[in-house]
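Note sheet for the following structure.
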Amino acid sequence: PVRIATPAGIGAFLAHLGLQTAEGIGAVVGDIATAVTLGGCPPEKQTKLVAWDDLCRLEGICVPSDNYTCDVEGGIMTSGRTWLGLLGMMIIAVALGYRSKLSFIYGIALVTIVSWFRNTAVTYFPDDDAGNA
């Protein structure tokens with residue numbers, strides 16, 4: 001049983017990392033009560049989580065983290081980037097079902113081509129100096 005459960009646990013952990021925001025699609029975000037919750041909200045609806053310590057409570061100097069939640073402002077699962085990432089995963093899954101050796105190429109190519117164009121809801125590159133670098 002341990003030989004079967006170990007790869008499944010490692011796969012679940014890697015899937016959790018891929019669904020997070022740092023380099024993933026943002027479908028899983030932080031939560032105060034349960035540590036993780038369903039996310040996928042656009043950047044304008046994200047509420048940063050802060051370390052609530054004595055310095056923050058007494059003097060108002062709060063340090064925000066990169067972690068955020070979508071519970072406060074709403075907008076859960078309304079981000080175009082999240083849906084594009086899920087669409088790419090579905091294309092990979094369907095192509096794997098047909099036993100295509102290029103299934104990962106299909107999904108990655110679709111997501112890359114669609115997200116390459118600027119000034120869209122799913123673009124990864126901002127239209128400024130940082131995006132031009």
Side-chain angles (χ1 to χ4, degrees):
V2 174
R3 257 195 261 178
I4 296 170
T6 301
I10 292 171
F13 176 68
L14 291 175
H16 175 70
L17 291 178
L19 290 172
Q20 287 179 349
T21 304
E23 296 298 330
I25 62 175
V28 177
V29 296
D31 187 43
I32 295 171
T34 60
V36 293
T37 188
L38 192 62
C41 57
E44 62 270 7
K45 301 255 183 186
Q46 297 173 358
T47 303
K48 296 284 186 186
L49 297 176
V50 298
W52 187 253
D53 56 2
D54 291 336
L55 192 62
C56 182
R57 185 170 30 94
L58 299 175
E59 298 184 25
I61 302 173
C62 302
V63 180
S65 68
D66 291 338
N67 199 4
Y68 66 89
T69 185
C70 298
D71 293 339
V72 178
E73 297 288 329
I76 294 175
M77 294 303 290
T78 58
S79 173
R81 291 181 188 173
T82 300
W83 285 107
L84 181 63
L86 292 174
L87 175 68
M89 287 195 318
M90 293 300 288
I91 288 173
I92 291 171
V94 169
L96 281 173
Y98 283 110
R99 299 196 185 276
S100 172
K101 295 184 182 204
L102 298 174
S103 58
F104 286 95
I105 301 297
Y106 296 149
I108 292 170
L110 174 88
V111 170
T112 301
I113 290 168
V114 171
S115 66
W116 197 270
F117 300 104
R118 294 185 179 177
N119 296 325
T120 63
V122 296
T123 187
Y124 187 77
F125 304 106
D127 196 13
D128 58 7
D129 291 336
N132 292 332

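Given the structure is predicted, the values throughout are model-derived calculations rather than measurements. Numbering of residues begins at 1 and proceeds along the displayed sequence.
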| task | Determine whether W83 and L87 make a side-chain contact, defined as any pair of heavy atoms from C-beta on separated by less than 4.5 Å. | result | no
| query | When Ile, Leu, Val, Met, Phe, Trp and Tyr are grouped by side-chain heavy atoms lying under 4.5 Å apart, directly or through other members, which residues fall in the same group as V72? | reply | none
| field | Connected hydrophobic set around W52, excluding itself, where side chains approach under 4.5 Å | value | none
Check: residues 33-48 side-chain donor-acceptor pairs under 3.5 Å, at least two apart:
from, atom 1, to, atom 2, distance (Å)
T34, OG1, D31, OD2, 2.9
T34, OG1, V36, O, 2.7
Q46, NE2, Y68, OH, 3.4

Can you confirm whether more than 12 heavy atoms, excluding those of [X], are under 6.0 Å from its [atom1] atom?
X    : atom1 : value
I4   : CD1   : no
D128 : CG    : yes
I32  : CD1   : no

| said: Under the side chain to side chain donor-acceptor pair (under 3.5 Å) definition, can you give me all pairs with a residue in residues 3-17, not counting sequence neighbours? | reply: H16-Q20
| said: Applying a strict under-4.5 Å side-chain criterion to I, L, V, M, F, W and Y, I'd like to know whether V28 and I25 cluster together. | reply: yes
| Would you say W116 and I113 are hydrophobically clustered, going by side-chain heavy atoms of ILVMFWY under 4.5 Å? | no
| note | side-chain hydrogen bond (donor to acceptor under 3.5 Å, both in side chains) filter on D53, not counting sequence neighbours, yields none
In residues 88-104, what donor-acceptor pairs under 3.5 Å come from side-chain atoms, sequence neighbours left out?
from, atom 1, to, atom 2, distance (Å)
S100, OG, L102, N, 3.2

| request: With rounding to the nearest 0.5 Å, note down the distance linking OG1 in T112 to CD1 in I105. | output: 9.5 Å
| request: Ignoring hydrogens and angles, tell me if any N or O in the side chain of T123 forms a donor-acceptor pair with the backbone of N119 under 3.5 Å. | output: no
| message | Tell me the closest heavy-atom pair linking S115 and L84, and the distance in Å. | response | CB-CD2, 4.0 Å
